[in-house]
> 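This is the structure I want to talk about, given as structure tokens.
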Amino acid sequence: MTTKLLPGVTGVLALADGTILQGIGCGATGLALGEVVFNTAMTGYQEILTDPSYMSQILAFTFPHIGNTGVNVEDVEQIGGGSDTSARGAIFRDAPTDPANWRSDSDFDGWMKRRGVVGLAGVDTRQLTARIRDAGAPHAVIAHDPEGRFDIDALVAQAKAWSGLVGLDLARDASTLQSFDWDEGLWDWPEGHPRVDAADKSVVVIDYGVKRNILRALASTGAKITVVPADTTAEAILARNPDGVVLSNGPGDPAATGQYAVPEIRKLVDSGKPLFGICLGHQMLALALGAKTVKMDQGHHGANHPVKDLTTGKVEIVSMNHGFTVDRDSLPDAVVETHVSLFDGTNCGIALKDRPVFSVQHHPEASPGPTDSLYLFQRFADSMKD
């Protein structure tokens, strides 16, 4: 049954429990299915929406004003693809504004249309955030029709039928299909992203959905960077004789991706090569070392999360984007906890006691601090020198 909602409504969010949020559609027309999460960042919306870790998710921004900095070609985080391998939809309090920034080369709404991101504006994002906080991240369908025609029953049924992220391997789809080299460094005023001359160290990055700025941060340490697909074997990686290996971020359930990735990660650990995991890479390293991961009710998504480095006592402001976490109580004796969230006490970092192997849950390549966590890339570079 096609249901006509309130006058002027051109966008809806249909939750699996039958709740309907209605407002003004923006971005791409059509519909998208996913898990609804909220993000507390005040800026960086382009980087957020192009982060492959948000694959199969719909993002509600708690900050009400989105679009004022526009978009540009430099701030896209995923290597390739569109909303099929990053955020499917976006929810805003206010309609996206026109750009007013010297780096902008396009307006936000038009960019969303071209990427296929379905948007919904004019809803109470505070109420939605409180709902997610109390009841967990719901399954939902976001839909945009300029004519305001929606089959609400069908949208709710589709949201209800979705199995969710648990048990879902998304890294294969988010990953590159073939290996490639990378030599672009971190952004530097006024040149932008410089090309980096590689030193005598080489790093292989296993791409589970890697962000460009991770590759830039690694290249800026002076290492030669090679990116390989998610299902690359340890034998193929070690045949390149790298000085270190990075397990990248990515979407989905780490236990599902771990079905094929964890055995290879164990071989890499046994090789004695320095190993650095980020986000999904952190979770799968923990699985490879004998720990467990669990689904969080609402996850951590934002650019204002305080994390403490237990090895130095330093507190840093970091960017977070994850819906699964490492179960601290399952960490084996050979593993030490290195970082912890000061919001809820969950694990944010581990290291092997006797090998140059470590990982963090947060995103050290992001810049909320703005450079609070970049030391981790240098720590990894130093481990390769040692």
Side-chain angles (χ1 to χ4, degrees), residues 13 21 23-24 26-27 36-54 57-72 74-78 86-112 115 117 119-133 137 142 186-187 189 211-214 217 249 279 298-307 315-323 341-344 348 361-374:
L13 181 72
L21 278 68
I24 305 301
C26 55
V36 183
V37 297
F38 63 85
N39 187 294
T40 56
M42 296 176 65
T43 186
Y45 52 82
Q46 184 183 0
E47 294 95 322
I48 291 167
L49 288 174
T50 57
D51 179 353
S53 297
Y54 279 117
Q57 291 183 315
I58 300 167
L59 271 167
F61 288 88
T62 61
F63 189 67
H65 310 297
I66 300 295
N68 56 309
T69 58
V71 295
N72 61 71
E74 291 184 320
D75 291 347
V76 173
E77 283 289 0
Q78 67 194 126
S86 57
R88 301 298 315 279
I91 304 167
F92 316 108
R93 173 63 185 89
D94 298 330
T97 57
D98 292 332
N101 185 274
W102 67 274
R103 294 184 67 229
S104 173
D105 54 33
S106 178
D107 70 285
F108 183 47
D109 185 69
W111 177 82
M112 289 176 61
R115 280 188 60 81
V117 179
L120 173 65
V123 301
D124 187 350
T125 52
R126 294 173 299 179
Q127 186 273 338
L128 179 59
T129 298
R131 179 191 183 97
I132 296 172
R133 179 195 64 197
I142 186 172
L186 290 170
W187 196 85
W189 168 265
K211 294 171 65 178
R212 289 174 182 261
N213 231 37
I214 288 177
N249 65 294
C279 198
Q298 64 277 114
H300 289 163
H301 312 279
N304 50 6
H305 287 246
V307 164
V315 175
E316 53 205 86
I317 302 301
V318 308
S319 176
M320 289 279 204
N321 177 20
H322 61 106
S341 166
L342 297 185
F343 271 164
D344 60 8
C348 288
Q361 181 62 77
H362 49 284
H363 282 265
E365 83 290 344
S367 305
T371 58
D372 286 12
S373 300
L374 282 179

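Bear in mind the structure is a predicted one, so any value in this text is a computation, not a measurement.
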> Could you measure the distance from the CD atom of Gln127 to the CD1 atom of Ile132? Nearest 0.5 Å is fine.
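Nearest 0.5 Å value for the CD-CD1 distance: 9.5 Å.
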> Any non-hydrogen side-chain atom of Leu59 less than 4.5 Å from a side-chain atom of Val37?
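Counting from C-beta outward, Leu59 and Val37 do come under 4.5 Å.
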> Nearest 0.5 Å, please: how far is CD in Glu365 from CZ in Arg212?
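One finds 13.5 Å between CZ of Arg212 and CD of Glu365.
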> Evaluate the side-chain proximity of Asn213 to Leu186: yes if any heavy-atom separation is below 4.5 Å, no if none is.
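Yes, their side chains come closer than 4.5 Å.
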> Quick one about Ser341 and Asp344 (side-chain donor to acceptor, distance below 3.5 Å, no hydrogens or angles considered), yes or no?
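Distance-only check passes for Asp344 and Ser341.
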> Pick out which of Gln57, Arg115, Glu77 makes a side-chain hydrogen bond (donor to acceptor under 3.5 Å, both in side chains) with Ser86.
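Only match with Ser86 under side-chain hydrogen bond (donor to acceptor under 3.5 Å, both in side chains): Arg115.
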> Determine the minimum heavy-atom distance between Glu47 and Asp75, stating which atoms define it.
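Smallest interatomic distance, heavy atoms only, reads CG-O, 3.4 Å.
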> Closest approach of Ser104 and Gly70, non-hydrogen atoms and distance?
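What the structure gives for the nearest pair is OG-CA, 3.6 Å.
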> Could you tell me the separation between the CD atom of Gln46 and the OG1 atom of Thr69, rounded to the nearest 0.5 Å?
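One finds 8.0 Å between CD of Gln46 and OG1 of Thr69.
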> Taking all heavy atoms of Gly110 and all of Asp107, pick out the closest pair and write down the distance.
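Looking at all heavy atoms of both residues, the shortest contact is N-OD2, 2.7 Å.
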> Is a side-chain donor or acceptor of Asn249 paired with a backbone partner of Lys211 at a separation under 3.5 angstrom?
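The answer is yes, because a donor-acceptor pair under 3.5 Å joins these two groups.
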> Does Arg103, at its CZ atom, have more than 12 non-hydrogen atoms belonging to other residues, nucleotides or ligands within less than 6.0 Å?
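Above 12, so yes.
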> Would you name the heavy atoms of Tyr54 and Met320 that are closest together and state the gap between them?
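So the two residues come closest at OH-O, 4.4 Å.
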> Under a 4.5 Å cut-off applied to non-hydrogen side-chain atoms, are Leu13 and Leu128 in contact?
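Yes; the side chains approach each other to less than 4.5 Å.
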> Picking from His363, His301, His300, what satisfies ring pair (Phe, Tyr, Trp, His ring centres under 6.0 Å) with His322?
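The ring pair (Phe, Tyr, Trp, His ring centres under 6.0 Å) with His322 is passed solely by His300 among His363, His301, His300.
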> What is the minimum heavy-atom distance between Thr43 and Ile48, and which atoms define it?
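Nearest heavy atoms, Thr43 then Ile48: O-CD1, 4.0 Å.
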> Please name the pair of heavy atoms, one in Ala137 and one in Val36, separated by the smallest distance, quoted to 0.1 Å.
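Looking at all heavy atoms of both residues, the shortest contact is CB-O, 3.2 Å.
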> Phe92 and Phe108: ring pair (Phe, Tyr, Trp, His ring centres under 6.0 Å), yes or no, with the steps?
CA-CA 12 Å; Phe92 316 108; Phe108 183 47; 5.8 Å; yes
> Name the residue from Thr62, Leu21, Ile91 that meets the side chain to side chain contact (heavy atoms under 4.5 Å, CB included) definition with Thr125.
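Between Thr125 and the candidates, side chain to side chain contact (heavy atoms under 4.5 Å, CB included) is satisfied uniquely by Ile91.
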> Test ring pair (Phe, Tyr, Trp, His ring centres under 6.0 Å) on His362 and His305; report intermediate values, then the result.
CA-CA 9 Å; His362 49 284; His305 287 246; over 10 Å; no
> Does the pair Tyr45 and Asn39 meet the rule for a side chain to side chain contact (heavy atoms under 4.5 Å, CB included), with working shown?
CA-CA 9 Å; Tyr45 52 82; Asn39 187 294; over 6 Å; no
> Is the shortest side-chain heavy-atom distance between Asn72 and Asn101 below 4.5 Å?
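Side-chain contact under 4.5 Å: no.
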> Side chains of Pro306 and Ile317: closer than 4.5 Å at any heavy-atom pair?
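A side-chain contact under 4.5 Å exists here.
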> Quick one: pull up SG in Cys279 and CD1 in Ile214 and give me the separation to the nearest 0.5 Å.
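CD1 of Ile214 is found 8.0 Å from SG of Cys279.
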